[in-house]
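Here is the structure we will look at, set down as structure tokens.
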Amino acid sequence: MDIPFLSLKKVNLRYQVEFQESFLEFVDIGHYILGPQVKAFEANFAEYCQSKYCIGVANGLDALELIIKSYKFPSNSEIIVPANTYYASILSIINVGLKPVLVEPKAYDLLLDTTNLETHITPKTVAILGVNLYGRMCDLSRLKSICTDRNLKLFVDAAQSHGALYNGTTNCIGADATAYSFYPTKNLGALSDAGAVITDDIDLANEIRKNRNYGSEIKYKFDGLGRNSRLSELQAGFLNIKLKYLNEEINIRRDIARKYLNEIKNPRIILPPNDNINEDAWHLFVIRCKNRKSLAQYLEKMQIGYEIHYPIPPHKQKAFSGFGDFELPITEEIHETILSLPLNPSLNQNEIDYIIKILNEFEYA
Ligand SMILES: Cc1ncc(COP(=O)(O)O)c(C=O)c1O
């Protein structure tokens with residue numbers, strides 16, 4: 001059996017006929033930019049996120065940058081962000097001219113550790129950017145309480161957590177704004193780049209709506225220095241189709257995660273926490289192994305695809321050299337030991353059983 005880490009073609013196969021119909025309708029209507037599909041998706045996704053406003057943008061990085069830029073924070077302001085995240089969370093802060101302050105994750109669930117977070121707050125801190133990494137919501141209530149006490153904004157990078165729940169809701173409760181990516185591999189993935197901002201704040205929504213369109217509300221009248229970051233009309237059509245099936249897909253992900261958690265029994269492998277199976281969106285199933293190299297070689301031999309999310313921690317990236325000397329041993333240890341197993345709605349029972357069997361048979365000296 002040869003199991004790829006993720007076959008997007010297989011994941012999207014069930015939508016092919018609806019995609020074709022949507023494409024024909026798109027050509028037929030002839031409204032290519034910010035047309036009826038974007039409008040419908042913005043309404044549908046706001047409702048899905050149990051929030052008031054959704055603004056479709058070109059990708060997740062832009063969603064983050066548009067949020068942060070809208071607040072016009074003084075230059076050199078600091079934003080607290082988890083050290084264990086995808087590069088883009090941190091890049092968004094730097095691209096807007098602000099300083100990221102990297103905070104270690106918990107070894108338990110690999111998400112931002114809020115225990116000593118307040119020791120990182122300085123007079124220059126303006127916001128916390130929580131990240132729902134791997135499909136698990138970060139500790140929103142603790143983050144909100146810190147932000148309220150310290151008069152900070154709370155932003156959430158939800159690029160990996162479409163469909164995740166927090167106290168039963170898909171809403172990132174307490175966040176001033178939440179950024180989503182619909183990069184093709186995401187739980188809700190387009191067939192190209194795409195993203196969105198979710199917020200309950202009408203002023204912020206209006207500002208971002210303007211700034212995704214060159215800073216213009218009225219054609220050829222430019223009120224601010226915006227950018228071109230409009231959600232593609234064609235992709236919005238595809239996303240409207242996939243959104244209808246998102247909960248079904250998330251439930252399949254949860255069933256696979258539950259089976260992995262119950263049936264992978266190997267002392268050499270540390271499984272992700274099983275305390276939140278029905279709220280996690282299981283974007284990635286990230287295990288840890290002291291001898292990752294040997295596990296990776298074994299999986300290759302057994303023809304099971306895997307990925308490392310991520311092999312180099314952001315603070316060790318060449319692009320960020322010069323942004324400070326960070327001591328982040330937990331983050332570094334995580335990046336040396338993690339490995340993501342295949343987990344997506346296109347896996348069949350035989351494949352899932354095979355992955356479990358192969359992992360249970362893994363040994364090293
Ligand atoms: C946590 C996180 N933040 C931000 C992004 C950026 O999204 P995009 O690739 O759509 O710009 C990603 C996408 O990979 C991500 O995983």
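Nothing fancy with the numbering, it's 1 onward along the sequence. In listed order, ligands and their atoms are each counted from 1.
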K39 with E42: basic N within carboxylate O range, under 4.0 Å: no

field: ligand 1 atoms in contact with N59 (distance to a heavy atom under 4.0 Å)
entry: 10 (O), 11 (O)

- line: Ranked by distance from atom 8 (P) of ligand 1, the top protein heavy atom is G60 N, 3.4 Å

Basic-acidic side-chain contact under 4.0 Å: R136, D275: yes

query: If you draw a 6.0 Å radius around OH in Y48, do more than 12 non-hydrogen atoms from other residues or ligands fall strictly inside?
result: yes

query: Would you say ligand 1 has an N or O under 3.5 Å from any N or O of A159?
result: no

task: Considering only NZ, NE, NH1 and NH2 on the basic side and carboxylate oxygens on the acidic side, decide whether R288 and E336 come within less than 4.0 Å.
output: no

- line: for atom 11 (O) of ligand 1, nearest protein heavy atom and its distance come out as L61 N, 2.9 Å

message: With nothing but distance in play, are any N or O atoms of T85 less than 3.5 Å from an N or O of ligand 1?
response: no

query: Nearest protein heavy atom to atom 3 (N) of ligand 1, by residue and atom, and its distance?
result: D157 OD2, 2.6 Å

message: In this structure, would L246 and Y166 fall into the same cluster of hydrophobic residues linked by side-chain contacts under 4.5 Å?
response: no

- prompt: N/O of D193 under 3.5 Å from N/O of ligand 1, yes or no?
  reply: no

query: atom 12 (C) of ligand 1: which protein heavy atom is closest, and how many Å away?
result: Y86 CD2, 3.4 Å

For A88, atoms of ligand 1 separated by under 4.0 Å from a heavy atom: 4 (C), 5 (C), 6 (C)

- request: Flag the pair F238 / F23 as yes when their ring centroid distance falls below 6.0 Å, and as no otherwise.
  value: no

query: E332 and H315: side-chain hydrogen bond (donor to acceptor under 3.5 Å, both in side chains), yes or no, with the steps?
result: CA-CA 9 Å; E332 284 169 29; H315 69 281; 2.7 Å; yes

query: Of all the non-hydrogen atoms in the protein, which one sits nearest to atom 13 (C) of ligand 1, and at what distance?
result: K186 NZ, 3.1 Å

Parallel, tilted or perpendicular, as decided by the 30° and 60° cut-offs, for the rings of F320 and Y87: parallel

task: May I ask you to check if ligand 1 and Q160 share an N or O to N or O distance below 3.5 Å?
output: yes

